[in-house]
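Below is one structure; the comments refer to it alone.
No hydrogens, no waters, no symmetry mates; every other heavy atom, side chains included, goes into these values. Here is how names work: the chains are called A, B, and so on, in the same order as the sequence lines, proteins then strands, and each is numbered from 1.
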Amino acid sequence: MRYWVLKSEPETFSIEDLEQAKAKTTPWDGVRNYQARNFIRDKLKKDDLAFFYHSSCQIPAIVGIVEVVSEACPDATAFDPKSPYYDPKSAPNTPRWFKVDVKFKQKFNSPISLATLRQHPSLNGMILLQKGNRLSVIPLTHKEWDTILKISKDTL
DNA sequence: GCCAACGTTGGC
DNA sequence: GCCAACGTTGGC
């Protein structure tokens, strides 16, 4: 199994929204970046775990943990002209975009801010921390996952 | 609100 | 296939 970071703008969809969702589960749809798409389609598997990251907000931070609970399938929002994620170039028989379902696992008592993550030298290589990084589905090494988990436990 | 960094588009 | 122009992301 693999570990990930999934980014979301809390004004659009927050971890609280996920916790309150039906079955605490949501389709992780609307991803419109090819690199992120490839991770979703090819690498995200049922039972993978991911940190939920709040971006473009007052304190960008990892705020909790979610679990992948489905395999990848076509992102239906791309077929819907009324959806903000509509993409006329994606058709049901030749889908361009994909999604998985994710389920709420845990919300951290104290979020781990970007600034905090940057204070840990062992996380320097993280894709999330790299300058100019805009990827919304980010792979983590097992070591990075463990390090961040430990930070979350130390700050309880 | 600014702006750096990056991705995408489209003319040639 | 190059690259300029434009659009978007996201931290600050």
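- Counted by atom type alone, T77(A) and D80(A) present zero donor-acceptor pairs between their side chains at under 3.5 Å.
- Contact check, Y53(A) against dG11(C): a side-chain N or O comes under 4.0 Å of OP1 or OP2.
- Comparing dA5(B), dT8(B), dG11(C) against the side chain of L114(A) picks out dG11(C) as the nearest.
- No more than 12 heavy-atom neighbours from other residues, nucleotides or ligands sit within 6.0 angstrom of CD1 on I59(A).
- A sub-4.0 Å separation between OP1 or OP2 of dA4(B) and a side-chain N or O of K131(A) is absent.
- Minimum atom distance to the side chain of S55(A) is reached by dG10(C), of the listed dG7(B), dC12(C), dG10(C).
- Here the C1' atom of nucleotide dG1(B) and the CD atom of Q58(A) are 15 Å apart, to the nearest Å.
- The CG-P distance, from D87(A) to dG7(B), rounds to 18 Å in whole Å.
- Atom CD in Q35(A) sits about 14 Å away from atom C1' in dT9(C), given to the nearest Å.
- Listed here is the closest heavy atom pair of K99(A) and P74(A): CG-O, 4.1 Å.
- The distance between atom OH of Y85(A) and atom P of dT9(C), rounded to the nearest whole Å, is 9 Å.
- Look at CD on Q130(A): it is 16 Å from C1' on dA4(B), rounded to the nearest Å.
- Here the side chain of K89(A) is nearest to one of dG7(B), dT9(B), dG11(C), namely dT9(B).
- Summarising the geometry, the separation between CG on L6(A) and C1' on dG10(C) is reported as 17 Å, rounded to the nearest angstrom.
- Salt bridge status for K45(A) with D47(A): absent, with no side-chain N to carboxylate O gap under 4.0 Å.
- Atom-to-atom distance recorded for I15(A):CD1 and S8(A):OG is 10.0 Å, nearest 0.5 angstrom.
- Per the geometry, CZ belonging to R118(A) stands 11 Å off C1' belonging to dC12(C), to the nearest Å.
- Checked against dT8(B), dG10(C), dC12(C), the side chain of S56(A) finds its nearest nucleotide in dG10(C).
- Nearest to the side chain of E9(A), among dC12(C), dG10(C), dG7(B), sits dG10(C).
- In this structure, CG of N133(A) is placed 12 Å from P of dC12(C), rounded to the nearest angstrom.
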